Every structure is written in C-alpha cells, then in structure tokens.
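Here's the structure we're looking at; comments come further down.
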Amino acid sequence: MEKKLGVFICWCGSNIASSVDVDKAVAEAKKLDGVVHAENYMYMCSDPGQQKVKDTISEKGLDGVVVACCSPRMHENTFRKAAGSVGLNSYLLEIANIREQCSWVHQNNKPLATAKAVSIIEGTLDKVKENLPLETITIDLTKRVCVVGGGIAGIMSALDLANAGYEVAIIEKEPAIGGHMAQISQTFPFFQNVPQLLQKKIEEVNANPRIKLYLNSEVDVLEGYVGNFNVTIRTQPAFVDPAKCTACGKCLEVCPVSVADEFNRGLSRRGAIFRYNQTEAARIPVLMQSDCLYFSAAEVADATSCRACADICPEQAIDLDSIRTLNDEFVGAIVMATGYDLYSPLKMPEYGAGQLPDVIDALAFERLLDPSGPTGGQVVRPSDGRVPKHVVFIQCVGSRDPERHKAYCSRACCMYTAKQARLYRQQVKDGTAYISYMDIRSDSRGFEEFVQQGMEQENLVYIRGRVAKVIAEGDYLRVFTADTLSSRQMEIEADLVVLAMAMEPKAGTRELAKKMNVTIDGDAFLSETHIKLYPVESSTKGVYLAGCGQSPKDITDTVSQALATAGKIQLMFSNETLIADPLIAEVKSDVCSGCGICIEICPYGARLMNNFTRISDVNQAVCQGCGACIAACPNKACELINSTSRQFIRMIGDFAGKAEAV
C-alpha cells in the first residue's frame, strides 16, 4: 500500500521565500507520488507551524512527512518530537534543506531556486518512503563524573556536580589544583584578591566527600561510551606521605638542588623537594623526580645517591622508593578542563626574552604583584632588584600573527595588561607605564570603563603599533616601536618589559584528545560540536568541554562555561537511562567477509569482530553514524540505517531527472 505523505514548506521569513516561490513549490509538491497534503507557512518551526504539522498528521493519517526548511541540525529534533507526539514514528519525518542548500545559493535566480527546491523535496520524499520506523536505543547510565584538569574550570564544574549529589574524580597533572589562577594576584575589573577567592574554592573541594582528587596524574586509557566510561588513571609517586608529613620544612632546608621555580616563572629558585605554590592546600612538600639527585644518581654507575630529605625527616614521611600506580574510575560523563600554557617567549627572539632578564611574561609580572610572591608584592627588576620607573607592556605577542605565530586573538590580554599597568602605577607613583597594542578589545560589562579609567586616572600611555625589537643598552632596555596613529617611529628607554604572550593549549593536549576521541582544531584547541547550539559538547557523546582548553578566555568566561558544562551533565543525569539515536551503522551479515577494515577505520571504536561468526558487529551505544565504515567497506556490507545506498541512489535519480535510476 502506498504511503500517504505530507509536505510542509517554511518561508523562514525572507530567508527562503525571497528566493523560492513557495506557492509554486506547494503546487508542484502536490503532484508528486504519494503526497496527500502540501502547504507553506511563514515560520513552520514556530508553535503554530508545528501545530499545523501535528493536526494534519492526525486528520489525514499521514505515513510520512517532509518539512522543507533550514538545515536539519537546526530543527530536525523539533519536528520529529512534534510528529512523535501525535503517533507518527519520529523517524518517518525528514528535513529537506531548501535554505542553506538552495535559497541562499540562488538568491538572484528565483525560477532556478524554485525548481531546485522541488527537486530536493522530491528526493527527500523518496527517502521517506523507504525509511524504517525505528525505536530509540536505551543505554545504562553511571552517575559519576571524571574531570580532567584541576584549574578553576575543573574546580567549578566539579563543585557544582558534587553539590548536586554526584561523585566526581578530578585528575590533575600537577602536584596541586588551582592551575594558572593560583599565579594571579588580582582580578579585573574590580581588583579582587585572587588567592583568597581560589583558596576558598580549593577548601570546598578538599572538604567535599563526593570529590576524589588524583594529583600528579594523567589519563592513561579511556574505554567505553557515553554513560559507561572506564578511565584508567596513571599516578606518579608523590614520595611524600601527606598523612605523616607535618609540613615542618626541614627537608626543604637540606636539599642541595637549586633550579628555577616554574610556579614563580623563574623569578625564584627551589630545590628538588619544595612547596608547589603559595596556597594552603600545597603546604605539603612535593618532590620533582626529574630534578632529584637520588634518581639521577641511580642512572650512573658507582654514583652516590642523595637521601638528605628522607634522612632528616623526623616523621619518616618521605619514601624515595615509591612507584607509580594505576586506578580505574567508572563514570558516565567526562569534563575536559585541560587549561592553557603561554606561548614560549623564546620563540620571539626580537624581544630578548630568555636572554634579557628584565624582559618577562605577564604571568611573571603577576608573581611580582602577588604579596605572597617572590618579592612580597613589590614590582622590581629581576636583574638588580631596582624599582622600574619605565615599564613597557607589549600586547599580542605571538597572537594575531598568522604568518609567523598564532592567528587567533588570545582575548584576555588587553584587560589583564590594563590591570597590571594600573596596579604598577598605583604602587610606583612616579613611574610610567607604556602599553603597545594593536587594538583594544574590551568587550564585556565594565571592561571599556576599566580601560578608560586607566588612561585617565593612572595616566597609562597607549601606543598603537607593534614593537619591532627590544635590545639592552647599559642598565636599561631600548624598545623600538611605532605609533601608527601619528605615523611616528619611536624609541622608548625602559627598565622592564612585560610580554602578553599568546595563550595556547596545554602541552600534551593533542595526545590526550586522541585518547578521548575528541576533535581538535588546527591550533590543538578542543573543538565543540557546534559553536552556537552545542558550545560545551565535544565530538564524542558524554565528553564535555570547559575552560581555556577549548579557546582562550578570562576567569569569568571560564567559570561560566564550567557551570554550563556541569548543568548539561546534570540534565543528562536527571534520567535513569540514556536514549541514543538509532540512526547508526549496520552490517549485512550475508555480505560481510570479516576483513576488519571497518574496525580499524572507526574513529569511535564502535566496531568489534565477532569471534564466532567472523562478522563485524556494531556497538549501538558507541556508533555515531559518521559513515566512515560505509566509505571503507570493500564489499559494501556496511549501511547507515535509513540512509542506505538504495535511498541515496533514488534521490540522485530525482535530481538527475532519471526516474529509472532504481
């Protein structure tokens, strides 16, 4: 029996109706085989438009529906829910994209656009005729979360989820949580004390019984799928037992090693055993194995191993023979809060970073401003400890430079540079702060006012133009730049130069993304599924994004995204089971030769070889319906359900005007 089909054409305001004659398209659609109803409406996705679809399905007993409108990514679920609410199987409704694929590309040729729209509708109708009435797939759900990264994004998402009643495991690569926020002195635009704000959140994490911390840890292996992930965590030995350690500091005094302190950006020295940062949570010393003489001596024959820290510890809290451990966490969702690094100043030799001690990056300047930092909050020159009277802040160092460095804007630099310059001027009343900039991007509430106040109240000197180079002359630095607003070449004598380096993904993000099956962009930032509709979802279901691992952002935006991610996971956990889309791949068992090509090509690990039948099986919970297996299968044994080769050949035949194609 022939199916009774309905066609609903949307104007999309003028997006479609300005290029497509919607009345003529309706008239032509009524002539197509099986169509018992066709109409158009200005906004079919609106409530009245959806009601028209539902009423017609009920009144005329439609067996299939085609809605000709915008991309299915926009409103396919909207219309399928509407159809399902009145008894039509949701998968017997299809979207004919006549906006992006027709109207927008034929704006100046209405007859052609109309004819093409009718062809698209006809092809989609032929697809609907062979669609199967499918049922959604039910997946068990483990209501636990793994957060990869213990910066402010990881902390806030973990706290929000734990306070909602879910268990959370935080995996942090460093010896303490806090991330780069622990290195910052004050916020913009209100000059709030960052260490106090962060310490409060760290204390909440440590006090929450639902949060489990894995420090010095990384993801080793990820297996499973949304709702049922198995995360294997590799933890490096801490060597110091926090249960025994009293934080007396005797071990710090006897360590013979002296290396640059990474946390203080090289402005101070530390031993191989040291306190990681200035937070209360990091008062227990940590031992850096790569710097310790005990471990380096173990690699040299007849060398004497240093055990000074272990020998002097009165509590015997230091065990130099500790080994790494592996732990498994079974979770339903994962938050990728991997954070950022600053682009290396060594890649900008024209500015002398690495060779000139008084050329530092912005995080190093934050350590100078921090009262608990290496200088007690006093802004002084690293070379000689003198108070700098002339400081040049250079913005966009490594950013917005597609030919040599990073093409993107690092977003936060304009504002934290303005903050740092204002704090410097408040401390050094007779000092001068120069800010070399390309453009000022102060695009959030109160930001533009903050920048203007710096110019007016602290007399910050803004110079529009790129700095060409920085050289040392005697005991000061000479900065060569230009003011593009006055077309003048300039030379500035500076005591200190501060570089606002580009923000880039944390080291190791590419390798981690492969383990997590998460897509990255060309700069190795984690990619969201859709920048507007799904801004915190990754390409793998159940894996969510938060913070600067996805793109450069300031603390406010980082926290906002972290809370949005936590909200999406709570929404997922509000159900007892998960519902998955049945539009996935299937295998024709009578054609499959068991070659295994589809198993190797599947980016989601959704294919397994059945050892008894020697036929490839599809894990329905994991398959994303990407179609890679269909393209790779030499025997054409793989098909996508409701998107079979037969259906597409018929659609192509409609476009080619060859009804005999199938």
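Keep in mind the model is a prediction, meaning the values are calculated, not measured. Note that these values count all heavy atoms, side chains included, but never hydrogens, waters or copies made by symmetry.
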- Query: Does the distance from a Lys or Arg side-chain N to an Asp or Glu carboxylate O, for K514 and E511, drop under 4.0 Å?
  - Reply: no

- Close side-chain approach of L512 and V148, heavy atoms under 4.5 Å: yes

- Pairs flagged by ring pair (Phe, Tyr, Trp, His ring centres under 6.0 Å) wherever residues 13-47 is involved - sequence neighbours left out: F8-H37

- So how far is it from N131 CG to E94 CD, rounded to the nearest 0.5 Å? 4.5 Å

- Rounded to the nearest 0.5 angstrom, the CD1-OG distance for I555 and S560 is 11.5 Å

- Hey, is K212 close enough to E167 for a salt bridge, meaning N to O under 4.0 Å? no

- Message: Given 3.5 Å as the limit, does a donor-acceptor pair link the side chain of T142 with the main chain of G227, or not?
- Response: yes

- Backbone of L132 reached by a side-chain donor or acceptor of N642 within 3.5 Å: yes

- Spatial distance of atom CZ (R607) from atom CE (M609) [nearest 0.5 Å]: 9.5 Å

- Using atom types as modelled and distance alone, determine if a side-chain donor or acceptor of K116 lies under 3.5 Å from a backbone N or O of P111. no

- Could you tell me whether R80 and E76 make a salt bridge, using a distance below 4.0 angstrom between a side-chain N and a carboxylate O? yes

- Query: Do side-chain atoms of D523 reach the backbone of F525 as a donor and acceptor pair under 3.5 angstrom?
  - Reply: no

- Salt bridge flag under 4.0 Å for residues E576 and K143: yes

- Say whether, by atom type as modelled, one donor and one acceptor occur between the side chain of T529 and the main chain of Y534 under 3.5 angstrom. no

- Task: Report yes or no: do K553 and Q550 form a side-chain donor-acceptor pair below 3.5 Å?
- Result: yes

- Determine, for R411 against D443, whether the closest basic-nitrogen to carboxylate-oxygen distance falls under 4.0 angstrom. no

- Query: Can E448 and S442 be said to form a side chain to side chain donor-acceptor pair (under 3.5 Å), step by step?
  - Reply: CA-CA 5 Å; E448 180 62 21; S442 49; 2.4 Å; yes

- Message: Under a 4.0 Å threshold between the charged nitrogen and the carboxylate oxygen, would D126 count as salt-bridged to R650?
- Response: yes

- Item | Test side chain to side chain donor-acceptor pair (under 3.5 Å) applied to D328 and T232, step by step | CA-CA 5 Å; D328 288 329; T232 302; 2.8 Å; yes

- Side chains of K54 and T56: is there a donor and an acceptor less than 3.5 Å apart? no

- Query: Between SG of C638 and CD1 of I601, what distance do you get to the nearest 0.5 Å?
  - Reply: 11.0 Å

- Query: Below 4.0 angstrom, N of the basic side chain to O of the carboxylate: do K506 and D341 qualify?
  - Reply: yes

- Task: Any pair with a residue in residues 95-146 that passes ring pair (Phe, Tyr, Trp, His ring centres under 6.0 Å), sequence neighbours left out, goes on the list, sorted by first then second residue, please.
- Result: none

- Task: Using a cut-off of 6.0 Å, state whether more than 12 heavy atoms not belonging to K24 lie near its atom NZ.
- Result: no

- Query: Distance from I615 atom CD1 to K588 atom NZ, nearest 0.5 Å?
  - Reply: 13.5 Å

- So do the side chains of E135 and P582 get within less than 4.5 Å of each other, counting heavy atoms only? no

- Output yes when a side-chain donor or acceptor of D590 lies under 3.5 Å from a complementary backbone atom of C592, and no otherwise. no

- Query: Where do A96 and V66 come nearest, in terms of heavy atoms and distance?
  - Reply: CB-CG1, 3.8 Å

- Should the heavy atoms of other residues, nucleotides or ligands under 6.0 Å from CD1 of I531 be counted, would the total exceed 12? no

- Task: Flag yes if more than 12 heavy atoms outside I137 fall under 6.0 Å of its CD1 atom; otherwise flag no.
- Result: yes

- Given the side-chain rings of Y225 and Y604, with only the six-membered ring counted for Trp, is the space between their centroids under 6.0 Å? no

- Is there a side-chain contact between L545 and T565, using heavy atoms and a 4.5 Å cut-off? no

- Taking atom CG of N108 as the centre, report whether more than 12 heavy atoms of other residues, nucleotides or ligands fall under 6.0 Å from it. no

- Message: I need the minimum non-hydrogen distance between G151 and E172, along with the two atoms involved.
- Response: N-OE1, 4.0 Å

- Considering only heavy atoms from C-beta outward, does the side chain of Y166 approach that of R144 to under 4.5 Å? no

- Side-chain contact test, heavy atoms from C-beta onward, threshold under 4.5 Å: evaluate it for C548 versus T558 and give yes or no. yes

- Query: Could you walk me through whether S444 and T556 pass the side-chain contact (heavy atoms from CB on, under 4.5 Å) check?
  - Reply: CA-CA 10 Å; S444 292; T556 302; over 6 Å; no

- Enclosure of N635 CG (heavy-atom neighbours >12, cutoff 6.0 Å): yes

- Measure across R400 and C409 and return the closest heavy-atom pair with its distance rounded to 0.1 Å. CG-CA, 3.9 Å

- So, are D63 and K129 salt-bridged, with charged N and O less than 4.0 Å apart? no

- Find out whether C146 and E329 are in side-chain contact, i.e. whether some heavy atom of one side chain is under 4.5 Å from a heavy atom of the other. no

- Report yes or no: does N228 contribute a side-chain atom to a donor-acceptor pair with the main-chain N or O of D140 at less than 3.5 Å? yes

- Query: With distance as the sole test, does T644 use its side chain to make a donor-acceptor pair with the main-chain N or O of Q647 at under 3.5 Å?
  - Reply: yes

- Item | Nearest atoms (heavy-atom pairs only) where I121 meets V7 | CG2-CG1, 3.9 Å

- Message: I'd like to check E639 versus C633 (side-chain heavy atoms, cut-off strictly below 4.5 Å). Are they in contact?
- Response: no

- Query: Nearest heavy-atom pair of V147 and G154: which atoms, and what distance?
  - Reply: CG1-CA, 3.5 Å

- Message: Taking atom NZ as the centre, does K60 end up with more than 12 heavy-atom neighbours from other residues, nucleotides or ligands that are less than 6.0 angstrom away?
- Response: yes

- Item | Check against side chain to side chain donor-acceptor pair (under 3.5 Å), T519 and S527 | CA-CA 6 Å; T519 304; S527 297; over 6 Å; no

- Item | I95 to C69 - nearest heavy-atom pair and separation | CG2-SG, 3.8 Å

- Could you walk me through whether L141 and T577 pass the side-chain contact (heavy atoms from CB on, under 4.5 Å) test, one step at a time? CA-CA 5 Å; L141 177 60; T577 58; 5.5 Å; no

- Message: Using only atom types and a distance under 3.5 Å, with no angle test, would you say the side chain of N230 pairs donor to acceptor with the backbone of E223?
- Response: no

- Donor on one side chain, acceptor on other, Q50 and T78, under 3.5 Å: no

- Step by step, would you call L640 with L583 a side-chain contact (heavy atoms from CB on, under 4.5 Å)? CA-CA 7 Å; L640 283 180; L583 298 174; over 6 Å; no

- Item | Steps toward side-chain contact (heavy atoms from CB on, under 4.5 Å) verdict (V53, M44) | CA-CA 8 Å; V53 176; M44 198 63 71; 4.2 Å; yes

- Query: R210 versus V168: any side-chain heavy-atom pair under 4.5 Å?
  - Reply: no

- If only atom types and distance count, is the side chain of S103 paired as donor or acceptor with the main-chain N or O of I98 below 3.5 Å? no

- Between Y343 and H405, what is the ring plane arrangement, given parallel below 30°, perpendicular above 60°, and tilted in between? perpendicular

- Query: Which distance, rounded to the nearest 0.5 Å, do you find between the CD1 of I120 and the CD of Q101?
  - Reply: 6.0 Å

